[in-house]
Engineer: 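What follows is a structure written as structure tokens; I'll ask about it next.
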Number of protein chains: 2
Amino acid sequence: MSSTLNTRTEILLKTLIERYIADGQPVGSRTLARQAGLDLSPATVRNIMSDLEELGLVTSPHTSAGRVPTDRGYRVFVDTLLQVRPITTNEVRKIRHEIEADQDPQHLLANASHLLSEVCRLAGLVMVPRREEQAALRQLDFVGLTGRRILVILVTQDGQVHNRIINVERDYSASELEQAANYFNDAYAGLGLAEVRRQLLRDLEAASSDLQRIMDLATRMARQALTEEDKHDELMVSGESNLMDIPDLMDVRKLRLLFDAFNTKRDLLHLLDQSMRAGGVKIFIGAEAGYEALRECSVVTAPYSIEGTVVGTLGVIGPTRMAYEQVIPIVDITARLLSAALSGPDRLESPGRDSH
Amino acid sequence: MSSTLNTRTEILLKTLIERYIADGQPVGSRTLARQAGLDLSPATVRNIMSDLEELGLVTSPHTSAGRVPTDRGYRVFVDTLLQVRPITTNEVRKIRHEIEADQDPQHLLANASHLLSEVCRLAGLVMVPRREEQAALRQLDFVGLTGRRILVILVTQDGQVHNRIINVERDYSASELEQAANYFNDAYAGLGLAEVRRQLLRDLEAASSDLQRIMDLATRMARQALTEEDKHDELMVSGESNLMDIPDLMDVRKLRLLFDAFNTKRDLLHLLDQSMRAGGVKIFIGAEAGYEALRECSVVTAPYSIEGTVVGTLGVIGPTRMAYEQVIPIVDITARLLSAALSGPDRLESPGRDSH
DNA sequence: TTTAGCACTCCAGCCGGTAGAGTGCCAAGT
DNA sequence: ACTTGGCACTCTACCGGCTGGAGTGCTAAA
């Protein structure tokens, strides 16, 4: 249906959307005729607009206003018409400066999110890799607290720290806890968390008698710590308040919907999850994805990776009417630099081969 | 100057504010005369309103509207006229259910904040105790990462976990790290962080020769981890989007100011800090505190404590026109229950029989 | 196929009029 | 000395009508 448009029609659609992105007003035939540089009369432009409207790429807010791009119009625009602005080395330097390689991964992600929101003047998103499955266990520690509570500290290979408090039925001495941790680390360090969990179940039964007690302790503790889901904090959002400066979203009800989406996180996570599979920058426009709260909004995302394997995605969310040609390269480069930083300070550009 | 008001005047001021809080409309003399139950004619009420206006306790949006309380009016109201609604045991149960004693402290605080925002339908605030000074060190751990980075895990007596990645000049083996941690824990566990930092400086010079190497390592690592400020995350805010449903704040610019305040956190922290000193519930009304962003807002706070010593404050922020008689007891009880939960599962507090 | 012309539509802003709510003041009543 | 009814006045919010501007759709001519 929307096979290939006439080049002239394409140019008109492109300039219409550029113009609309620039000042947010419906674009009339006269303005468009002048702007496009095609030496056409307004009347001709009107005819073409009529065609575009039939195709569902533009629409008119009311009988006598100019045209405005529809979601599908934006889709064609970003897919085939848009030419991204090359990023200046200056900007790259700024981003790189903010995302230093030698930081706590948690801070690194937070910084990336904040950076995105600042540079794009929109809300920044970072989906944090859920520690499940992929990450390998590096070390486990047990720390006794008061009142039969034990703090379990779990460090994964990439330097992320998770901790959880569990309850036990009796008091344990510090040396017992240390032995348990030692046993556990000897047995399981280096394995993936999923693997650890699987083996735990097996070993719980086939325990050799002398280690029984300690091993039992360790495994039961670790199992408690591992099984409870840690979906918490999977999504970071920064610079939400930037969205309040945007005329398109001035309506409090729209804002409310958006902010609720930030808080519940579910829909956004689902969206970001989709973008993990495909490599490179991905763009979700308006109601395309089917989320009510994201009507009139677009999400630009890119996956990032550790040591070559994709572990999460980042991006920005803003009004459908955003400066894609600037936002897209920024999201792209941020994802690349973040991947580099997460993969260790040495391997800044060259893809490294890992062992572990 | 505003020494003691006539009782009749007090009643009128009280009902005026109650009425205004209830429906947000300026209150006229006729309505007030009927509502107050004093058997006065509107004309008399008008005279008294005139007096109150002179005292700066009420004001009129324009010549022919009813009266509206000023910040000073609210101040008198909450200080001397307000009678708080007693909390039902049902509510207490709900709050207690949400704030279970045996949880990770971090979750506990987050839950409290979320709870406050839900119950009051406003934004919930929790100031997290900065780990500085007060908390005692329980355990320190070093975990080697790739690329000469070391993860320092620091557990304080109350079960909070802090971690930071530091860079070192050479690679360390796992056993070296373990020795260093052991040495460190033997020497310093149980001391307050401030104390630890002080002793570190001394010990760094007077090192005995055989332990020199290891101790040197441990102290240098710990010092790096301890000195960098961890002001991060001192304030948690929940349910911000509740504020978008409030008619008083429907204006996007006001919202923008507020949300910026949430993000920068500085002013709010300063405010909450003030409330740490005084015991019990404290109320900041509108521009009283001098923060531009908080105009038309009130903050209701209460300090919470661990084992009897105050470590932080929590509360809610909302429009000046809020249901104080409900919010105040909720903030109060939440602070108490949180304190109980933080102080360990055993001492669930004997019912406070104090009335203020 | 493009263009000029024309009638038409719709929005945004402005004006004037009106109803409603509430005040301030004054003079009379208790 | 208070309290009250009465009265004139003021301000807002709302409605309807009017107007100018912008832009379209259609038609007929180039």
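The chains referred to below are lettered A, B, ... by the order of the sequence lines, with proteins before strands, and numbering in each begins at 1.
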Engineer: For B/Leu257, which residues count as a side chain to side chain contact (heavy atoms under 4.5 Å, CB included) partner, sequence neighbours excluded?
Structural biologist: B/Ala293
Engineer: Rounding to a whole Å, what distance do you find between A/Leu38:CG and C/dT3:P?
Structural biologist: 11 Å
Engineer: Who are the side-chain hydrogen bond (donor to acceptor under 3.5 Å, both in side chains) partners of B/Glu10, not counting sequence neighbours?
Structural biologist: none
Engineer: Can you give the donor-acceptor pairs under 3.5 Å from side chains of residues 41-48 of chain A to other protein atoms, not counting sequence neighbours?
Structural biologist:
unit_1  : atom_1 : unit_2  : atom_2 : d
A/Ser41 : OG     : A/Ala43 : N      : 3.3
A/Ser41 : OG     : A/Thr44 : N      : 3.4
A/Ser41 : OG     : A/Thr44 : OG1    : 3.1
A/Arg46 : NH1    : A/Ser29 : OG     : 3.2

Engineer: Can you tell me if A/Ser41 touches the phosphate of C/dT2, counting only side-chain N or O atoms and a distance under 4.0 Å to OP1 or OP2?
Structural biologist: no
Engineer: Could you tell me which residues satisfy side chain to side chain contact (heavy atoms under 4.5 Å, CB included) with A/Asp260, sequence neighbours excluded, listed by chain and number?
Structural biologist: A/Arg256, B/Ser241
Engineer: With a strict under 4.0 Å distance from non-hydrogen atoms of chain B, what nucleotide opens and what nucleotide closes the contacted stretch of DNA chain D, reading 5' to 3'?
Structural biologist: D/dT3 to D/dT12
Engineer: Can you check whether A/Tyr74 reaches A/Tyr324 side chain to side chain, under 4.5 Å on heavy atoms?
Structural biologist: yes
Engineer: Pairs in or reaching into residues 244-270 of chain A: which pass ring-ring contact (aromatic ring centres under 6.0 Å, His included), with residues at least two apart or in two chains?
Structural biologist: A/Phe259-A/Phe262, A/Phe259-B/Phe259
Engineer: Side chains of residues 61-71 of chain A: which donor-acceptor pairs under 3.5 Å do they make with residues two or more places apart or in other chains?
Structural biologist:
unit_1  : atom_1 : unit_2   : atom_2 : d
A/His62 : ND1    : A/Ser64  : N      : 3.3
A/Arg67 : NE     : A/Glu53  : OE1    : 2.9
A/Arg67 : NH2    : A/Glu53  : OE1    : 2.8
A/Thr70 : OG1    : A/Gly56  : O      : 2.7
A/Thr70 : OG1    : A/Leu57  : O      : 3.2
A/Thr70 : OG1    : A/Arg72  : N      : 3.4
A/Thr70 : OG1    : A/Gly73  : N      : 3.1
A/Asp71 : OD2    : A/Ala287 : N      : 3.3

Engineer: Who passes side-chain hydrogen bond (donor to acceptor under 3.5 Å, both in side chains) against A/Lys254, sequence neighbours left out?
Structural biologist: A/Glu296
Engineer: Where along nucleotides 13-30 of chain C does protein come under 4.0 Å, by heavy atom, of base (B) or sugar-phosphate alone (S), with - for untouched nucleotides?
Structural biologist: --------BBBBB-----
